[in-house]
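Let me begin by presenting the structure, written as structure tokens, before commenting on it.
Predicted, not measured: the structure shown is a model, and the values here were computed from it.
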Amino acid sequence: MSGKPKLTYFNGRGCMESIRWLLAAAGVEFEEEFLETREQYQKLIKGGALLFDQVPLVEIDGMKIVQTRAILCYIAAKYNFYGKDLRERALIDMYVEGTADLMGMIITFAFTPPKERNLALIIERATTRYFPVYEKVLKDHGQQFLVGNQFSWADVHLLEAILMAEECKPDILSPFPQLQAFKGRISNIPTIKKFLQPGSQRKPPADDKFIAQVKKIFNI
């Protein structure tokens with residue numbers, strides 16, 4: 001064993017991508033095992049590795065953790081990305097849940113039948129429901145980061161959401177000067193900058209091959 005966290009998931013974004021982002025932000029190297037067959041998935045279930053028969057699965061500190069939120073909370077707390085007190089943790093949770101809602105819309109878009117896809121709705125929600133909140137937070141407190149003027153899980157999650165939204169509409173941040181500046185600051189944090197470089201473990205948007213593989217493994 002190398003001692004590095006081991007991530008078991010598909011070779012694509014999905015629910016694991018935010019976990020990759022958070023580990024990368026902490027400067028933690030990790031290994032990945034990609035599910036490629038239904039047999040691999042069933043073996044994990046039979047072996048008891050998947051508590052609720054679901055991935056992502058992260059092996060870290062002698063534990064096998066499932067459920068995306070539980071994994072993210074553990075990593076955030078372990079690497080001091082979860083605020084200094086309960087108040088800051090509550091704010092981080094609120095902001096993370098908001099960006100998770102937006103990213104969930106984008107992630108599921110690729111799996112939606114073409115006739116039912118609604119890109120305009122994603123853009124509308126991003127620009128009228130979610131991004132205005134973060135724009136106001138940054139403007140009102142005038143600090144570099146969302147919570148406690150300290151780099152946190154909320155900042156990592158928001159940058160991930162911004163970049164995903166820009167893949168939907170490249171100029172989506174044009175009405176949000178605070179978020180434009182925020183994107184520049186967070187993107188230049190050394191660990192984040194490294195993760196954004198070609199050749200990192202960051203995954204591209206879902207394509208037809210990835211979608212077909214997921215459906216095959218889950219038999220859907």
- Rounding to 0.5 Å, atoms OG1 (T68) and CD (E17) come to a distance of 12.0 Å

- Message: Between I162 and F131, is the side chain to side chain contact (heavy atoms under 4.5 Å, CB included) condition met? List the steps.
- Response: CA-CA 9 Å; I162 286 171; F131 287 167; 4.1 Å; yes

- Indicate yes or no for a side-chain donor-acceptor contact from Q144 to the backbone of R185 under 3.5 Å, with no hydrogens or angles considered. no

- Message: Any heavy-atom pair between the side chains of Y95 and L91 that's under 4.5 Å?
- Response: yes

- Task: May I have all residue pairs that pass salt bridge (Lys or Arg N to Asp or Glu O under 4.0 Å) and include part of residues 160-180, sequence neighbours excluded?
- Result: R13-E167, E166-K183, K169-D171

- Note on the structure: For residues 79-89, the salt bridge (Lys or Arg N to Asp or Glu O under 4.0 Å) pairs (sequence neighbours left out) are K84-E88

- Check whether any side-chain heavy atom of I65 lies under 4.5 Å from a side-chain heavy atom of L57, and answer yes or no. no

- Message: Show the nearest heavy-atom pair for residues S187 and I192, with the distance to one decimal.
- Response: CA-CG2, 3.9 Å

- Message: Looking only at side-chain N and O atoms, does E124 offer a donor or acceptor that is under 3.5 Å from a partner on T128?
- Response: yes

- Between A110 and R117, which heavy-atom pair has the shortest distance, and what is it? O-NH2, 3.0 Å

- Message: Contact between L44 and L35 at the side-chain level, heavy atoms closer than 4.5 Å - yes or no?
- Response: yes

- Query: Which residue pairs pass the salt bridge (Lys or Arg N to Asp or Glu O under 4.0 Å) test with at least one member in residues 132-150, sequence neighbours excluded?
  - Reply: K136-D140

- Looking at residues at least two apart in the chain, or sitting in another chain, which of them share a ring-ring contact (aromatic ring centres under 6.0 Å, His included) with F10? F218

- Message: Evaluate I60 against I71 for side chain to side chain contact (heavy atoms under 4.5 Å, CB included), listing each step before the verdict.
- Response: CA-CA 10 Å; I60 184 172; I71 296 166; over 6 Å; no

- Determine whether I186 and F145 make a side-chain contact, defined as any pair of heavy atoms from C-beta on separated by less than 4.5 Å. yes

- Query: With the threshold set at 4.0 Å, does a side-chain nitrogen-carboxylate oxygen contact exist between K78 and D61?
  - Reply: yes

- Task: Heavy atoms only: give me the nearest T191-A24 pair and the separation to one decimal.
- Result: CB-O, 3.3 Å

- Message: So, taking the atom named CZ in F111 and the one named CD in E116, what distance separates them when rounded to the nearest 0.5 Å?
- Response: 15.0 Å

- Task: Answer yes or no: is there a side-chain heavy-atom contact under 4.5 Å between T8 and K64?
- Result: no

- Message: For A161 versus L102, what's the shortest heavy-atom pair and its separation?
- Response: CB-CD2, 4.5 Å

- Between R20 and Y9, is any pair of side-chain heavy atoms under 4.5 Å apart? yes

- Note on the structure: Here the ring-ring contact (aromatic ring centres under 6.0 Å, His included) pairs for residues 181-206, sequence neighbours left out, are W21-F195

- Message: Strictly by side chain to side chain donor-acceptor pair (under 3.5 Å), give each pair with a member in residues 41-52 just once, sequence neighbours left out.
- Response: none

- Query: Residues two or more places apart in sequence or in another chain: which of them pass ring-ring contact (aromatic ring centres under 6.0 Å, His included) with F30?
  - Reply: none

- Message: Could you check whether any side-chain heavy atom of P132 comes within less than 4.5 Å of a side-chain heavy atom of F176, counting everything from C-beta outward?
- Response: yes

- Message: Show the nearest heavy-atom pair for residues I107 and G14, with the distance to one decimal.
- Response: CD1-O, 3.7 Å

- Can E29 and K4 be counted as an ion pair, charged N to O under 4.0 angstrom? yes

- Message: Within this structure, what is the SG-CD1 distance for the pair C168 and I123, rounded to the nearest 0.5 Å?
- Response: 6.5 Å

- Item | Minimum heavy-atom distance I92-A154, with the two atoms named | CG2-N, 4.0 Å

- Query: How many angstroms lie between CE in M105 and OG1 in T112, if you round to the nearest 0.5 Å?
  - Reply: 10.0 Å

- Side chain proximity check, P5 to V28, heavy atoms < 4.5 angstrom: yes

- Message: Enumerate the salt bridge (Lys or Arg N to Asp or Glu O under 4.0 Å) contacts for residues 201-211, please, sequence neighbours excluded, ordered by first and then second residue.
- Response: E32-K203

- Item | Inter- and intrachain pairs under ring-ring contact (aromatic ring centres under 6.0 Å, His included), touching residues 44-78, at least two apart | none

- Partners of E33 by side-chain hydrogen bond (donor to acceptor under 3.5 Å, both in side chains), sequence neighbours excluded? K6

- Message: Test of understanding: with ring-ring contact (aromatic ring centres under 6.0 Å, His included), list the residues that count as partners of F81, not counting sequence neighbours.
- Response: F151

- Just jot down the ring-ring contact (aromatic ring centres under 6.0 Å, His included) partners of Y82, sequence neighbours excluded, or say none. W153

- Within one Ile-Leu-Val-Met-Phe-Trp-Tyr cluster: V147 and L86, side-chain cutoff 4.5 Å: no

- Does E59 use its side chain to pair, donor to acceptor, with the backbone of L7 at less than 3.5 Å? no

- Task: With rounding to the nearest 0.5 Å, note down the distance linking OH in Y134 to CD in Q178.
- Result: 15.5 Å

- Query: Hey, does the side chain of D155 reach the backbone of L146 with a donor-acceptor pair shorter than 3.5 angstrom?
  - Reply: yes

- Please step through side chain to side chain contact (heavy atoms under 4.5 Å, CB included) for the pair I19 and L23, ending with a clear verdict. CA-CA 6 Å; I19 297 166; L23 286 169; 4.2 Å; yes

- Query: Under 4.5 Å between side-chain heavy atoms, hopping through other hydrophobics if needed: is there a path connecting V96 to M94?
  - Reply: yes

- Task: Check the pair L163 / L196 against side chain to side chain contact (heavy atoms under 4.5 Å, CB included), numbers first and verdict last.
- Result: CA-CA 10 Å; L163 296 181; L196 293 174; 3.7 Å; yes

- Note on the structure: When rounded to the nearest 0.5 Å, the distance separating NZ of K215 from CD1 of I217 is 13.5 Å

- Task: Decide whether Q54 and Q67 meet the rule of one side-chain donor and one side-chain acceptor closer than 3.5 Å.
- Result: yes

